[in-house]
Amino acid sequence: QVQLVESGGGLVQPGGSLRLSCAASGFTFSAYDMSWYRQAPGKERELVATVTSLGATNYADSVKGRFTTSRDNAKKTVYLQMNSLTPEDTAVYYCNKRWRPFGSWGQGTQVTVSS
């Protein structure tokens, strides 16, 4: 069955960096565009970044220039490098397909940006 396991979150000071990972299994990972989403308390889940099956990337305006996503198809893993973090980036981060996300989401990884 499909499994998405996010990791790498934590508590970081404003201006700091984190690298998130998402290990995928149970589907043909290399065939799909993969995205990072986040959900802050009291807010809807939002799309943050996408890496296509061919390796092209795009980003939400709020993270453009600060976040970089990439993938390793051999490891079935997608990454999110987050730099220059601000308190507004505080959220639970999830990965999933970009188009028609799987109904079963992973547990996510908490990112908290605070001094």
*Ring-face cation of Arg45 near Tyr94 (centre distance under 6.0 Å, axis angle within 45°)*: yes
*cation_pi(Arg19, Tyr79) dist<6.0 Å, angle<=45*: yes
*Could you pull out all residues at least two apart from Ser115 that satisfy side-chain contact (heavy atoms from CB on, under 4.5 Å)?*
Pro14
Any side-chain heavy atom of [X] within less than 4.5 Å of one from [Y]?
X      : Y      : answer
Leu85  : Gln13  : no
Leu4   : Met34  : yes
Leu18  : Val111 : yes
Ser35  : Leu47  : yes
Trp105 : Cys95  : no
Leu20  : Met82  : yes

*So Tyr93 and Phe67, would you call those rings parallel, tilted or perpendicular, with 30° and 60° as cut-offs?*
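Tilted.
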*Distance-only donor-acceptor check, side chains Asn83 and Ser17, under 3.5 Å*: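 Yes, Ser17 and Asn83 have a side-chain donor paired with an acceptor closer than 3.5 Å.
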*Residues that Phe29 engages under ring-ring contact (aromatic ring centres under 6.0 Å, His included), provided they are two or more places apart*: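 Not a single residue meets the ring-ring contact (aromatic ring centres under 6.0 Å, His included) criterion with Phe29.
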*asked:* Quick check on the hydrophobic clustering: are Val48 and Tyr32 connected, directly or via other members, by side-chain heavy-atom contacts under 4.5 Å?
replied: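 Yes; Tyr32 is reachable from Val48 via cluster members.
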Between the main-chain N or O of [Y] and the side-chain N or O of [X], is there a donor-acceptor pair closer than 3.5 Å?
X     : Y      : result
Asn96 : Pro101 : no
Arg71 : Leu54  : no
Asn73 : Lys76  : no

Give the table of side-chain donor-acceptor pairs shorter than 3.5 Å for residues 55-63, with sequence neighbours excluded, one pair per line with atom names and distance.
{"unit_1": "Tyr59", "atom_1": "OH", "unit_2": "Thr69", "atom_2": "N", "d": "3.0"}
{"unit_1": "Asp61", "atom_1": "OD1", "unit_2": "Lys64", "atom_2": "NZ", "d": "3.1"}

_Looking at every non-hydrogen atom in both residues, tell me the closest pair between Ala91 and Gln110 and how far apart they are._
O-NE2, 3.4 Å
